[in-house]
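Heavy-atom basis, side chains included; hydrogens, waters and symmetry copies ignored. Predicted, not measured: the structure shown is a model, and the values here were computed from it. Within every chain, numbering begins at 1; the chains are lettered A, B, ... in the order of the sequence lines, protein sequences first and strands thereafter.
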Protein chains: 2
Amino acid sequence: MNSCPPNRSPGCPVEGALDMIGGKWKGVVMFHLLDGTKRFNELRRLMPGVTQRMLTRQLRELEADGLVHREVYAEVPPRVEYSLTQKGETLRGIILALKDWGETHVPYYAMSKRPMPESKTA
Amino acid sequence: MNSCPPNRSPGCPVEGALDMIGGKWKGVVMFHLLDGTKRFNELRRLMPGVTQRMLTRQLRELEADGLVHREVYAEVPPRVEYSLTQKGETLRGIILALKDWGETHVPYYAMSKRPMPESKTA
DNA sequence: CGCAATAGTATACAAATTGATACTATATGC
DNA sequence: GCATATAGTATCAATTTGTATACTATTGCG
């Protein structure tokens with residue numbers, strides 16, 4: 001967990017915020033929870049490529065950070081629902097802004113490497 | 001590099017965007033560049049805790065993603081300046097929103113572990 | 001019985017990220 | 001000569017993150 005003591009750099013809150021939403025699947029999880037409570041497998045179907053393991057982990061971390069609420073029902077088969085907390089809701093604007101930005105600026109095609117770019121010499 | 005092919009989940013752009021700004025120091029770097037061009041050691045002094053190695057790396061990645069412009073001057077001692085690109089500028093709102101959010105919601109005190117939280121059974 | 005549903009857990013491993021440390025090159029000043 | 005400035009590079013280690021795979025438990029249905 002990142003910390004932001006008051007004497008740290010003024011950029012530190014950025015770091016702390018990104019630490020909370022920056023895991024591989026966290027942003028996407030939160031995006032899907034924006035339109036309401038969802039169950040585990042529902043989330044999983046919405047996110048091609050995520051493993052059970054990873055989804056469980058990221059949900060638990062989001063829960064630990066107070067962004068996601070996990071509701072366990074005493075049923076069989078198991079029924080567990082996930083929803084954004086009030087704190088998580090405060091990130092709605094940021095998540096949507098990230099989505100908009102990503103749609104505009106993130107390349108569609110995978111690059112296997114990040115080449116070291118040429119830099120201009122003035 | 002994360003990719004967002006058109007047939008992926010609608011949450012995918014969020015993931016792609018966070019992949020670009022989510023490295024440990026990237027958000028803070030971009031925050032500091034919001035108020036103008038800066039040199040390597042200037043950035044370094046603004047960010048206690050970052051190593052040369054990490055700063056170089058994150059700057060290079062930001063550059064490769066087109067968010068940061070690196071200007072090398074043919075001088076001795078070396079003079080290299082970093083600034084946000086036009087693309088990078090499009091993230092100004094998000095970075096500032098993250099900072100505001102972090103100031104409000106990120107805990108000050110380090111927690112060495114994330115405990116597995118208790119969940120309510122309905 | 002086998003299969004399906006649910007939401008995981010356990011274990012191990014791989015991959016990626018981050019960090020530590022020493023070194024590089026040039027010019028200038030003491 | 002040594003120290004400073006600049007912005008790195010090289011190499012290795014440590015840590016974190018992410019993934020793969022098999023298994024778990026209960027109930028209901030064919």
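Two residues, B:Arg45 and B:Thr56, neighbour DNA chain D, and the one matched to the more 5' nucleotide by heavy-atom proximity is B:Arg45.
Remark: P of C:dA12 and CZ of A:Arg57 are 14 Å apart, rounded to the nearest angstrom. Nucleotide C:dA14 holds its C1' atom 13 Å from the NZ atom of A:Lys24, rounded to whole Å. Between the CG atom of B:Leu55 and the C1' atom of D:dT6 there is a distance of 13 Å, given to the nearest Å. Rounded to whole Å, atom P of D:dT6 lies 16 Å from atom NZ of B:Lys38. Between the CE atom of A:Met54 and the P atom of D:dT17 there is a distance of 9 Å, rounded to whole Å. For A:Lys26 and D:dT16, the NZ to P distance is 14 Å, given to the nearest whole Å. Note: CG (A:Asn41) to P (C:dA4) measures 14 Å, nearest angstrom. Here the C1' atom of nucleotide C:dT17 and the CG atom of A:Leu18 are 15 Å apart, to the nearest Å.
None of B:Lys38, B:Glu42, B:Arg70 except one satisfies the side-chain hydrogen bond (donor to acceptor under 3.5 Å, both in side chains) rule with B:Tyr82; the exception is B:Arg70.
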What one-letter contact string describes nucleotides 25-30 of chain D from 5' to 3', where B marks a base within less than 4.0 Å of any protein heavy atom, S marks contact via sugar-phosphate atoms alone, and - marks no contact?
-> -BS---
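Here B:Arg70 reaches the OP1 or OP2 of D:dG8: one of its side-chain N or O atoms lies under 4.0 Å away. Dashed line: the shortest gap from a side-chain N or O of A:Arg79 to OP1 or OP2 of C:dA7 is not under 4.0 Å. OP1 or OP2 of D:dG18 has at least one side-chain nitrogen or oxygen of A:Gln58 nearer than 4.0 Å. Within the structure, every side-chain polar atom (N or O) of B:Tyr73 is placed at least 4.0 Å from both OP1 and OP2 of C:dT26. In terms of phosphate contacts, B:Trp25 brings no side-chain nitrogen or oxygen within less than 4.0 Å of OP1 or OP2 of C:dT17.
Put simply, the side chain of B:Ile21 reaches to within 4.5 Å of the side chain of B:Leu67, judged on heavy atoms.
Put simply, the side chain of A:Glu81 never gets that close to the backbone of A:Val72: no donor and acceptor are under 3.5 Å apart. Judged by distance alone, with hydrogens and angles left aside, the side-chain atoms of B:Thr37 form no donor-acceptor pair with the main-chain N or O of B:Ser83 at under 3.5 Å. At least one donor-acceptor pair under 3.5 Å links the side chain of B:Gln58 to the backbone N or O of B:Lys26. A donor-acceptor pair is defined here as one N or O able to donate and one able to accept, closer than 3.5 Å; such a pair exists between the side chain of A:Thr85 and the backbone of A:Gly66. A side-chain donor-acceptor contact under 3.5 Å links A:Lys87 to the backbone of B:His105.
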Protein N or O to nucleotides 20-22 of chain D N or O, pairs below 3.5 Å:
from	atom 1	to	atom 2	distance (Å)
D:dA20	N6	A:Arg53	NE	3.3

Full working for salt bridge (Lys or Arg N to Asp or Glu O under 4.0 Å) between B:Glu89 and B:Arg92 | CA-CA 5 Å; B:Glu89 273 285 344; B:Arg92 177 180 287 268; 3.1 Å; yes
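Residues A:Glu61 and A:Arg57 are not paired through a salt bridge, judged by the lack of any N-O separation under 4.0 Å between the basic side chain and the carboxylate.
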